[in-house]
Amino acid sequence: MSRPKRLENFHYLGLHQYFLTFCVRDRLPIFRDSAISDQTLTQFRRTASLEHFAILAYCLMPDHAHLLVQGLRDDSDFTRFAKMAKQRSGGLYARTQHSPLWQPGYFERVLREEDDARILAGYIVNNPVRARLVESPEDYPLVGSDVWSLKDLLESIV
């Protein structure tokens, strides 16, 4: 699989917001295992802290993960964050499962100033409902935000 092209003339540094998707190798539904999903989310949070990012929203679907993140400092490096989030979560998974976690590459969208991050966060946490896994995001344990309450995000679903 070829990797998606990054934006030319954009440095991926600073206080920007990004919508990010990582896909599981062979699209296996491994996040149905709560231990694996919990350890993956822990590594995402660890990486966000170390790399100076806030996780505005997250959703671990059975075979992929969505993150909405925001750089917290002028030197917050999104490409490093994405690389380290995959490396830390994938390394831990490989040590315990003896198999790679992620497919190569990732998909990202840089939010523009006019984009409303809270609306996109609501879209992310509503993903399990659109996939018909649950009737409400509140029923799905692998959605949330480290910044906003789930109630706030549910109010932003359009």
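The first residue in the sequence is number 1, and the count goes up from there.
In the model, Thr21 has no side-chain atom that pairs as donor or acceptor with a side-chain atom of His64 under 3.5 Å. For Glu138 and Ser136, the side-chain atoms include at least one donor-acceptor pair closer than 3.5 Å. Remark: the Tyr58 side chain and the Arg45 side chain contain an N/O donor-acceptor pair separated by less than 3.5 Å.
Taking every heavy atom of both residues into account, Leu133 and Pro62 meet most closely at CD1-CD, 3.7 Å. Residues Leu56 and Leu153 share a closest heavy-atom pair of O-CD1, 4.4 Å. Pairing each heavy atom of Ala85 with each of Ser89, the nearest pair is O-OG, 2.6 Å.
Electrostatic pairing of Arg73 and Asp75 counts as a salt bridge here, judged by a charged N lying under 4.0 Å from a carboxylate O.
Under a hydrophobic-cluster definition in which Ile, Leu, Val, Met, Phe, Trp and Tyr are linked whenever side-chain heavy atoms come within less than 4.5 Å, directly or via other members, Tyr123 and Trp148 are assigned to the same cluster. In the hydrophobic cluster analysis, where Ile, Leu, Val, Met, Phe, Trp and Tyr join through side-chain heavy atoms closer than 4.5 angstrom, Leu142 is grouped together with Leu28. The hydrophobic cluster containing Val147 also contains Ile124, counting ILVMFWY residues as joined when their side-chain heavy atoms lie under 4.5 angstrom apart, directly or transitively.
In this structure, Val143 and Pro128 have side chains that are in contact, with non-hydrogen atoms separated by less than 4.5 Å. Contact annotation: the side chain of His66 approaches that of Asn127 to within less than 4.5 Å [non-hydrogen atoms, C-beta and beyond]. Residues Tyr140 and Val125 form no side-chain contact, since every pair of their non-hydrogen atoms from C-beta on lies 4.5 Å or further apart. In this structure, the side chains of Glu155 and Asp152 come closer than 4.5 Å at one or more pairs of heavy atoms. The closest side-chain heavy-atom distance from Ser145 to Leu150 is not below 4.5 Å. Residues Thr96 and Ile36 are not in side-chain contact: their nearest non-hydrogen atoms beyond the backbone lie 4.5 Å or more apart. Using a 4.5 Å cut-off on side-chain heavy atoms (C-beta onward), Leu67 and Phe22 make contact. Counting heavy atoms from C-beta on, the side chains of Glu108 and Tyr12 come closer than 4.5 Å.
Within the 3.5 Å criterion, the main-chain N or O of Thr79 finds a donor-acceptor partner in the side chain of Asp77. No donor-acceptor pair under 3.5 Å is formed between the side chain of Asn126 and the backbone N or O of Val129. When atom types are taken as modelled, the side chain of Ser76 and the backbone of Leu15 share no donor-acceptor pair closer than 3.5 angstrom. Between the side chain of Asp115 and the backbone N or O of Ala117, no donor-acceptor pair lies under 3.5 Å. Lys86 contributes a side-chain N or O that, together with a main-chain N or O of Gln103, makes up a donor-acceptor pair within less than 3.5 Å.
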Legend entry - Stepwise side chain to side chain contact (heavy atoms under 4.5 Å, CB included) check, Leu50 with Met84: CA-CA 10 Å; Leu50 292 170; Met84 298 309 297; over 6 Å; no
Inset, instruction - Just do the side chain to side chain contact (heavy atoms under 4.5 Å, CB included) check on Phe81 and Tyr18 with the steps written out, would you? - result: CA-CA 11 Å; Phe81 167 80; Tyr18 307 88; over 6 Å; no
Inset, instruction - Please assess Asp63 against Phe31 for the test side chain to side chain contact (heavy atoms under 4.5 Å, CB included), listing each intermediate value before the final yes or no. - result: CA-CA 6 Å; Asp63 65 351; Phe31 292 130; over 6 Å; no
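Note that CG of Leu60 is 13.0 Å distant from CZ of Arg32, once rounded to the nearest 0.5 Å. Going from atom CZ of Arg80 over to atom CD of Gln87 covers 8.5 Å, rounded to the nearest 0.5 Å. One finds the CZ atom of Phe107 at 5.5 Å from the SG atom of Cys23 (value rounded to the nearest 0.5 Å). Within the model, atoms CG of Leu111 and CG of Asp116 stand 9.0 Å from one another, a figure rounded to the nearest 0.5 Å. Considering NE2 of His52 and OG1 of Thr47, their distance stands at 12.0 Å, rounded to 0.5 Å. Rounding to the nearest 0.5 angstrom, the gap separating the NZ atom in Lys83 from the CD atom in Glu51 is 10.5 Å.
More than 12 heavy-atom neighbours from other residues, nucleotides or ligands sit within 6.0 angstrom of CZ on Arg130. Within a 6.0 Å radius of CD in Glu113, no more than 12 heavy atoms belonging to other residues, nucleotides or ligands are found. With a 6.0 Å radius and a threshold of 12 heavy atoms from other residues, nucleotides or ligands, Phe19 has its CZ atom above the threshold.
Arg25 forms no cation-pi arrangement with Tyr93, by the criterion of a distance under 6.0 Å to the ring centre and an angle within 45° of the ring axis.
Between Trp102 and Phe44, the angle of the ring planes stays under 30°, which puts this pair in the parallel group of the 30/60° scheme.
Taking the six-membered ring for Trp and the full ring otherwise, the centers of Phe78 and His16 sit at least 6.0 Å from each other.
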